[in-house]
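What follows is a set of notes on a single structure, which appears directly below.
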Amino acid sequence: QVQLVESGGGSVQTGGSLRLSCEASGDAYCMGWFRQPPEKEREGIAIIDGDGTISYATSVKGRFTISRDNSKKILYLQMNMLKPEDTAMYYCAADGPPCLNGGIGNGLRKILTYNYQGQGTQVTVSS
């Protein structure tokens, strides 16, 4: 069992930055972030595996950076150039491999099925 606790959410203006953190109670090979905007579906946005391989959703690539500190068991999401459409509840998730869905399509959707998920932290971006 891995417990995950997110922090770092808040309210910022367009173009601003936030850094989310996720503290894990144990080890997990696959870790990542997904989000759920108001009245919309959940979206996997970034995954990093234990070897440091990273995948990003197109919607955040070039603006968000995922990283992990395995010694501290902390996952990070640095979010820059934030837009109003980034407004959502952000969740940390973790599981064992495989980290991504194989084949054609959105491999990042795999994170929505991870066994361990946090309670979320709210990010609000105003225009």
Side-chain angles (χ1 to χ4, degrees):
Q1 193 82 1
V2 177
Q3 294 183 330
L4 303 169
V5 179
E6 302 96 335
S7 61
S11 297
V12 296
Q13 292 188 326
T14 297
S17 298
L18 283 172
R19 187 175 83 155
L20 306 183
S21 299
C22 171
E23 294 189 47
S25 64
D27 296 315
Y29 184 76
C30 308
M31 297 191 77
W33 297 90
F34 68 92
R35 66 186 180 185
Q36 186 163 25
E39 301 180 1
K40 293 186 179 180
E41 292 186 354
R42 296 175 301 165
E43 175 191 20
I45 57 173
I47 291 173
I48 181 169
D49 70 21
D51 296 317
T53 300
I54 293 172
S55 298
Y56 291 108
T58 302
S59 58
V60 305
K61 198 169 187 178
R63 300 187 298 123
F64 292 10
T65 302
I66 189 172
S67 61
R68 60 192 291 173
D69 185 331
N70 292 326
S71 64
K72 297 180 179 178
K73 297 184 176 57
I74 300 178
L75 177 72
Y76 300 101
L77 185 69
Q78 177 67 44
M79 304 187 296
N80 298 328
M81 296 183 286
L82 283 161
K83 307 174 182 179
E85 51 263 45
D86 294 318
T87 294
M89 185 72 81
Y90 283 71
Y91 298 88
C92 170
D95 208 340
C99 301
L100 298 169
N101 283 333
I104 299 173
N106 184 358
L108 283 162
R109 283 192 61 82
K110 177 68 174 176
I111 195 174
L112 305 182
T113 67
Y114 282 8
N115 280 313
Y116 308 112
Q117 300 182 0
Q119 294 300 306
T121 185
Q122 178 68 37
V123 171
T124 302
V125 185
S126 58
S127 57

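For reference, positions follow the sequence shown, starting with 1.
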By side chain to side chain donor-acceptor pair (under 3.5 Å), Arg63 pairs with (sequence neighbours left out) Asp86

Residues in side-chain contact (heavy atoms from CB on, under 4.5 Å) with Ser127, at least two apart? Thr14, Pro84

Thr124: which residues meet the side-chain contact (heavy atoms from CB on, under 4.5 Å) condition with it, sequence neighbours left out? Ser11, Thr87, Gln122

Show me the pairs that pass disulfide (SG to SG under 2.5 Å) and involve residues 25-96, at least two apart or across chains. Cys22-Cys92, Cys30-Cys99

By side chain to side chain donor-acceptor pair (under 3.5 Å) - contacts of Glu85 (at least two apart): none

Would you mind listing the cluster partners of Ile74? Hydrophobic ones only (ILVMFWY), side-chain contacts under 4.5 Å, chaining allowed. Tyr76

Who passes side chain to side chain donor-acceptor pair (under 3.5 Å) against Ser17, sequence neighbours left out? Asn80

In chain order, what residues pass the side-chain contact (heavy atoms from CB on, under 4.5 Å) check against Asn115, with sequence neighbours excluded? Asp95

Set of residues satisfying side chain to side chain donor-acceptor pair (under 3.5 Å) with respect to Ser71, sequence neighbours excluded: Asp69

Quick one: hydrophobic cluster around Met81, which other residues, with the 4.5 Å side-chain cut-off, linked directly or via members? none

Taking Glu6 for the side chain and Gln119 for the main chain, is one N or O donor matched with an acceptor at less than 3.5 Å? yes

side-chain contact (heavy atoms from CB on, under 4.5 Å) partners of Ser59, counting only residues at least two apart: Arg35, Glu43, Ala57

List, by chain and number, the other hydrophobic cluster members for Leu18, where Ile, Leu, Val, Met, Phe, Trp and Tyr join if side-chain heavy atoms come within less than 4.5 Å, directly or indirectly. Val2, Leu4, Val12, Leu20, Met31, Trp33, Ile45, Ile48, Ile54, Tyr56, Val60, Phe64, Ile66, Leu75, Leu77, Met79, Leu82, Tyr90, Tyr116, Val123, Val125

